[in-house]
Colleague: 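A single structure is presented below for examination.
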Number of protein chains: 2
Amino acid sequence: MRLSKRSEYGLRALFDLADRTGKSPVSLKELAARNNLPFKFMEHIFLPLRNAGIVLSQSGAGGGYSLGRNPKDIFLGEIIRTLDGTIAPVSCVSQIAYEPCSCPDEETCPLRLVMNRVREAIVDIVDHTSLADAVAESKTNSNDHQETPT
Amino acid sequence: MRLSKRSEYGLRALFDLADRTGKSPVSLKELAARNNLPFKFMEHIFLPLRNAGIVLSQSGAGGGYSLGRNPKDIFLGEIIRTLDGTIAPVSCVSQIAYEPCSCPDEETCPLRLVMNRVREAIVDIVDHTSLADAVAESKTNSNDHQETPT
DNA sequence: TGTAATTCCTAGCATTATGATAGGAATAAT
DNA sequence: ATTATTCCTATCATAATGCTAGGAATTACA
């Protein structure tokens with residue numbers, strides 16, 4: 001049930017971008033360096049993200065990428081679907097990339113019934129967690145770990 | 001977030017086995033034929049299942065496989081872990097196959113926080129759904145689809 | 001206008017994971 | 001004995017994944 005590196009790297013970079021919304025665009029070079037991600041591979045990740053409107057690009061010196069929308073309105077599910085094509089654990093329960101499995105009757109296939117619930121559980125999280133939510137949760141945690149003066 | 005074919009085939013075969021608990025052992029040949037699964041590949045799946053005690057094997061003519069425990073006591077999570085090694089979407093949230101990711105601070109890594117919740121959601125389903133549950137649910141559905149005389 | 005920094009685009013490579021096959025030894029029922 | 005099976009190891013083929021290379025196009029700015 002592994003998340004691909006494409007999605008992992010994409011999400012890491014977008015969390016970082018979300019954290020600097022409003023500032024000037026960030027170059028891939030900088031994003032890669034700061035998040036410890038392979039620069040050249042990142043290009044392949046940001047191309048579909050741009051085509052999907054999740055990020056905006058600006059060419060040339062001083063250029064780079066910025067979020068295409070408010071981080072509150074970009075949900076992780078959309079990012080994963082853009083980069084991996086689907087979220088479903090088996091193709092016969094996918095909403096956007098459905099393909100039949102080997103079971104004779106989908107309605108009564110035990111695997112399908114369970115995996116459909118798994119898909120729903122995953123989707124329920126990733127489609128209700130925005131970039132803003134994820135970053136905010138991270139900051140909450142980092143506050144928890146600080147020594148707060150009384 | 002795909003489930004591997006190993007786990008898919010293994011689960012399909014075990015659902016079938018669960019449905020005939022108490023009867024004589026079923027040969028791989030029969031299991032493969034009835035469930036449309038590749039026979040030779042199944043051997044590689046049933047070896048670890050046997051080592052894990054999930055199934056019992058009987059060699060020789062008339063032999064085959066049967067469940068090692070009551071289907072109520074075999075949960076899908078155990079099967080998937082046996083066949084795939086782990087359930088977690090990223091290694092840094094895995095309970096049984098933990099490996100660090102590239103994030104500098106795990107406690108505040110947004111990806112890790114979200115993927116940990118995803119892992120919990122998946123595990124909550126597969127560790128609380130037994131073979132018996134899955135088969136029962138399937139039969140409930142097939143009844144729904146029958147014409148019930150009034 | 002030139003230079004440097006960037007995205008954009010296509011091609012291709014390397015490695016691993018996955019899915020599957022082959023062949024024969026061991027085991028056991030009949 | 002014969003037959004049907006598991007057991008075991010080796011191996012292969014393909015696809016997916018992760019990644020690199022190189023250069024064209026674009027843009028800021030000195």
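Computation of the quantities below employed the complete heavy-atom set of this structure, encompassing side-chain atoms and omitting hydrogens, waters and symmetry-equivalent molecules. A note on names: the letters A, B, ... follow the listed sequences, proteins ahead of strands, and every chain is numbered from 1. Computed from a prediction, not measured in an experiment: that's the story for all the values here.
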Colleague: Using whole Å, what does the distance between atom P of nucleotide C/dT15 and atom NZ of A/Lys5 come to?
Modeller: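 Atom-to-atom, A/Lys5 to C/dT15, this comes out as 17 Å.
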
Colleague: To the nearest Å, how far apart are A/Glu8 CD and D/dG18 P?
Modeller: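 These atoms are roughly 9 Å apart.
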
Colleague: Quick check: does any side chain N or O of A/Arg117 sit under 3.5 Å from a backbone N or O of B/Ile125, one acting as donor and the other as acceptor?
Modeller: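 The answer is no, because no donor-acceptor pair under 3.5 Å joins these two groups.
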
Colleague: What's the CZ-C1' distance between B/Phe39 and C/dG19, to the nearest Å?
Modeller: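 Atom CZ in B/Phe39 sits about 16 Å away from atom C1' in C/dG19.
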
Colleague: Taking NZ, NE, NH1 and NH2 as the nitrogens, is one of them in B/Asp16 or B/Arg20 under 4.0 Å from a carboxylate oxygen of the other?
Modeller: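 Yes, this pair counts.
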
Colleague: Measure from the side-chain heavy atoms of A/Glu43 and tell me the nearest of D/dG22, D/dC8, C/dT21.
Modeller: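 Shortest atom-to-atom distance from the side chain points to D/dG22.
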
Colleague: Report yes if the side chains of B/Leu83 and B/Pro48 come closer than 4.5 Å at any heavy-atom pair, otherwise no.
Modeller: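 In short, these two side chains touch, coming nearer than 4.5 Å.
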
Colleague: Which comes earlier along DNA chain D counting from the 5' end, the contact point of A/Ala61 or that of A/Leu3, where each point is its nearest nucleotide?
Modeller: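 With A/Ala61 and A/Leu3 compared, the 5'-side residue is A/Leu3.
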
Colleague: Using a 3.5 Å distance criterion without hydrogens, assess whether the side chain of A/Thr108 forms a donor-acceptor pair with backbone atoms of B/Ser138.
Modeller: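 Here the side-chain-to-backbone pair does not exist.
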
Colleague: Any non-hydrogen side-chain atom of B/Cys92 less than 4.5 Å from a side-chain atom of B/Glu106?
Modeller: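 Side chain of B/Cys92 against side chain of B/Glu106, heavy atoms only: contact under 4.5 Å found.
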
Colleague: Quick test of your reading of the model: are B/Asp84 and A/Arg2 salt-bridged, counting only N-O distances below 4.0 Å?
Modeller: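 Here B/Asp84 does not pair with A/Arg2 in a salt bridge, since their nearest N and O are not under 4.0 Å apart.
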
Colleague: So, for B/Ala32 and B/Phe39, which heavy atoms are closest and what is the spacing to 0.1 Å?
Modeller: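 Scanning both residues, the minimum pair turns out to be CB-CA, 3.8 Å.
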
Colleague: Describe the nucleic acid contact of B/Phe46 in one word from base, sugar-phosphate, nothing, applying a heavy-atom distance below 4.0 Å.
Modeller: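 No contact at all - B/Phe46 keeps every heavy atom at 4.0 Å or more from the nucleic acid.
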
Colleague: Where along residues 49-59 of chain A does a heavy atom come under 4.0 Å from DNA chain C, residue by residue in number order?
Modeller: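 Heavy-atom cutoff 4.0 Å gives A/Arg50, A/Ser57, A/Gln58, A/Ser59.
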
Colleague: Of the nucleotides D/dC19, D/dT5, D/dT6, which has the atom closest to the A/Pro38 side chain?
Modeller: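 Looking only at heavy atoms from C-beta outward on A/Pro38, the closest nucleotide is D/dC19.
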
Colleague: Just to be sure I understand the geometry, which residues of residues 75-94 of chain A put a non-hydrogen atom under 4.0 Å away from DNA chain D?
Modeller: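 Those residues whose heavy atoms fall under 4.0 Å from DNA chain D, taken from residues 75-94 of chain A, amount to none.
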
Colleague: Between B/Met1 (CE) and D/dA16 (P), how many Å, whole number?
Modeller: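 Interatomic distance, CE of B/Met1 to P of D/dA16: 19 Å.
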
Colleague: Looking only at side-chain N and O atoms, does B/Arg2 come under 4.0 Å of OP1 or OP2 in C/dG19?
Modeller: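 It does, given that an N or O in the side chain of B/Arg2 lies less than 4.0 Å from OP1 or OP2 of C/dG19.
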
Colleague: Can you check whether any acceptor in the base of D/dG18 is under 3.5 Å from a donor in the side chain of A/Lys40, or vice versa?
Modeller: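 No.
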
Colleague: For A/Tyr65 and C/dC8, is the shortest distance between a side-chain N/O and OP1 or OP2 below 4.0 Å?
Modeller: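 It does, given that an N or O in the side chain of A/Tyr65 lies less than 4.0 Å from OP1 or OP2 of C/dC8.
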
Colleague: Any donor-acceptor pair under 3.5 Å joining the side chain of A/His44 to the base of D/dA16?
Modeller: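 No, the side chain and the base share no sub-3.5 Å donor-acceptor pair.
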
Colleague: Could you state the atom-to-atom distance from CG of B/Leu31 to C1' of D/dT6 in whole Å?
Modeller: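 Going from CG in B/Leu31 over to C1' in D/dT6 covers 13 Å.
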
Colleague: To the nearest Å, how far apart are A/Lys29 NZ and C/dC8 P?
Modeller: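 Answer to the nearest Å: 17 Å.
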
Colleague: Looking at B/Arg81 and B/Glu78, does any basic side-chain N land under 4.0 Å from a carboxylate oxygen?
Modeller: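 Looking at B/Arg81 and B/Glu78, the cut-off is not met.
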
Colleague: Once you round it to whole Å, what is the distance between P of D/dC19 and CD1 of A/Ile45?
Modeller: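 The answer, rounded to whole Å, is 8 Å.
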
Colleague: Not counting sequence neighbours, which residues clear side chain to side chain contact (heavy atoms under 4.5 Å, CB included) with A/Asp124? List them please.
Modeller: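 Per chain and number, A/Asp124 pairs via side chain to side chain contact (heavy atoms under 4.5 Å, CB included) with A/His128.
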
Colleague: In whole Å, what is the span from the CG atom of A/Leu17 to the P atom of C/dT7?
Modeller: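 Computing the A/Leu17:CG to C/dT7:P distance gives 11 Å.
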
Colleague: Is the backbone of A/Asn35 close enough, under 3.5 Å, to the side chain of A/Arg12 for a donor and an acceptor to pair up by distance?
Modeller: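 The answer is no, because no donor-acceptor pair under 3.5 Å joins these two groups.
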
